[in-house]
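Note that the structure is a prediction, hence the values are computed from the model and not measured.
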Amino acid sequence: MPRELKADKLARAAEIERVMFAYYGEGACSLDYRDPFTLTCAVVLSAQCTDAAVNKVTPVLFDAYPTPAALAGARVEDVEDIIRTLGFFRSKAKNLVALAQTVCSEFGGVIPADVDALQTLPGVGRKTANCVMCEAFRDPQGIAVDTHVFRIAHRLKLAGPSADTPAKTESALMKVYPQSDWLYINHQWVHFGREFCRARNPRCADCIIGDLCPSRGNA
């Protein structure tokens, strides 16, 4: 494929988002939550785990510990028992209790609406912070790059070979999409990745953006 001019890439990216929005709308969050605190906990639990599996344990977790203060006083072992079916449940339980304690001690018991402050919470990295900023506060400060977004960005050639980490891929996407679109991309692309652009056997033949994808048929 010949090198794509920047103006052409921007136009293609805009058309991709137009089609995605027409098909998925804003894109629904796959995690069940009640407020910014429970959303943050759910996203932490979703690391290297399916959203469906997380949604099976969070009703019990959130009923037992509905607020940061309640979770801050929990025994790690009790949290472990609730989330035991999830991968890395021991480290996640430890992080959740420490996260709640930090929210109470440093942020007055309220999840901070700031992408940098969020990343000071135990278990919260850049991807989780971006998810919370977009979903809970509708204030996108970046694009959450999970496995779906990473894969799709590279198949669409919106991120080049040198963008070999989530951070570099996020930077590449932020250069081709205006901030107003950052709010939707993760949710839309997660749904798109599950329905069409799957890691194995992608549905290229009937893909909604097949004519905009340089990798069509070669994924």
Side-chain angles (χ1 to χ4, degrees), residues 27-151 165-170 185-187 189-191 193-194 199:
C29 180
S30 300
L31 292 168
D32 297 333
Y33 68 96
R34 303 173 184 178
D35 49 38
F37 168 65
T38 54
L39 173 65
T40 305
C41 291
V43 179
V44 169
L45 290 175
S46 72
Q48 296 180 296
C49 186
T50 67
D51 292 350
V54 173
N55 289 338
K56 290 180 180 179
V57 304
T58 48
V60 177
L61 179 69
F62 298 156
D63 283 346
Y65 309 108
T67 65
L71 186 56
R75 294 196 322 147
V76 172
E77 294 81 3
D78 292 336
V79 178
E80 287 179 358
D81 287 341
I82 295 173
I83 67 169
R84 189 171 297 273
T85 57
L86 304 182
F88 305 99
F89 71 92
R90 289 189 176 88
S91 62
K92 289 178 179 179
K94 182 179 179 180
N95 280 335
L96 286 186
V97 173
L99 181 156
Q101 291 171 344
T102 303
V103 169
C104 291
S105 64
E106 302 296 328
F107 300 103
V110 178
I111 291 292
D114 178 86
V115 72
D116 294 322
L118 281 166
Q119 291 177 80
T120 68
L121 302 177
V124 176
R126 174 79 182 180
K127 186 199 79 172
T128 296
N130 279 330
C131 286
V132 174
M133 289 301 300
C134 287
E135 178 68 17
F137 302 116
R138 297 186 68 81
D139 181 17
Q141 300 300 305
I143 298 170
V145 176
D146 55 20
T147 56
H148 291 291
V149 174
F150 186 90
R151 178 177 71 254
T165 66
K168 292 178 182 178
T169 299
E170 179 187 7
I185 288 174
N186 179 264
H187 286 338
W189 288 23
V190 165
H191 291 298
R194 290 171 178 165

When every non-hydrogen atom of Val149 is compared with those of Ala144, the smallest separation belongs to CG2-O, 3.6 Å
One pair to check against side chain to side chain contact (heavy atoms under 4.5 Å, CB included): Glu135 and His187. What are the steps and the verdict? CA-CA 9 Å; Glu135 178 68 17; His187 286 338; 2.8 Å; yes
Contacts of Asp114 meeting side-chain hydrogen bond (donor to acceptor under 3.5 Å, both in side chains) (sequence neighbours excluded), chain-then-number -> none
- Item | side chain to side chain contact (heavy atoms under 4.5 Å, CB included) between Leu61 and Leu45, intermediate numbers included | CA-CA 11 Å; Leu61 179 69; Leu45 290 175; 3.9 Å; yes
| task | List the steps, then state whether side chain to side chain contact (heavy atoms under 4.5 Å, CB included) holds for Thr165 with Glu170. | result | CA-CA 9 Å; Thr165 66; Glu170 179 187 7; over 6 Å; no
Would you confirm whether His191, through its side chain, and Ala28, through its main-chain N or O, come within 3.5 Å as a donor-acceptor pair? yes
Using a 3.5 Å distance criterion without hydrogens, assess whether the side chain of Asp32 forms a donor-acceptor pair with backbone atoms of Asn55. no
Given the rule in the side chain to side chain contact (heavy atoms under 4.5 Å, CB included) test, do Leu118 and Thr128 qualify, once you have shown the distances and angles that lead to the verdict? CA-CA 8 Å; Leu118 281 166; Thr128 296; over 6 Å; no
Sequence neighbours excluded, the answer for side-chain hydrogen bond (donor to acceptor under 3.5 Å, both in side chains) partners of Asp146 is Asn186
From the list Leu99, Leu96, Asp35, side-chain contact (heavy atoms from CB on, under 4.5 Å) with Thr40 holds only for Leu99
- Validation row: Val115, Asn130 side chains within 4.5 angstrom (heavy atoms): yes
Between Ala93 and Val79 the two heavy atoms that sit nearest each other are CB-CG1, 3.7 Å
Only one of Thr58, Leu86, Asp51 passes side-chain contact (heavy atoms from CB on, under 4.5 Å) with Ser46, and that residue is Asp51
In short, salt bridge (Lys or Arg N to Asp or Glu O under 4.0 Å) pairs touching residues 72-93 with sequence neighbours left out are Arg75-Asp78, Asp81-Arg84
In short, ring-ring contact (aromatic ring centres under 6.0 Å, His included) pairs touching residues 114-150 with sequence neighbours left out are Phe150-His154
When every non-hydrogen atom of Cys49 is compared with those of Val54, the smallest separation belongs to SG-CG2, 4.1 Å
What side-chain donor-acceptor pairs closer than 3.5 Å can you find for residues 63-72, not counting sequence neighbours?
| residue | atom | partner | partner atom | Å |
| --- | --- | --- | --- | --- |
| Asp63 | OD1 | Arg34 | NH1 | 3.3 |
| Asp63 | OD1 | Arg34 | NH2 | 2.8 |
| Thr67 | OG1 | Ala70 | N | 3.1 |

Here the gap from Trp189 atom CH2 to Thr147 atom OG1, rounded to the nearest 0.5 Å, amounts to 13.0 Å
Check your understanding: Taking the side chain as C-beta and beyond, is there a heavy-atom pair between Phe89 and Val57 under 4.5 Å?
Key -> no
side-chain hydrogen bond (donor to acceptor under 3.5 Å, both in side chains) filter on Ser30, not counting sequence neighbours, yields Arg194
Heavy-atom nearest pair, Val44 first then Gly123, reads CG2-O, 3.7 Å
CD (Glu106) and OG1 (Thr120) are apart, to the nearest 0.5 Å, by 7.5 Å
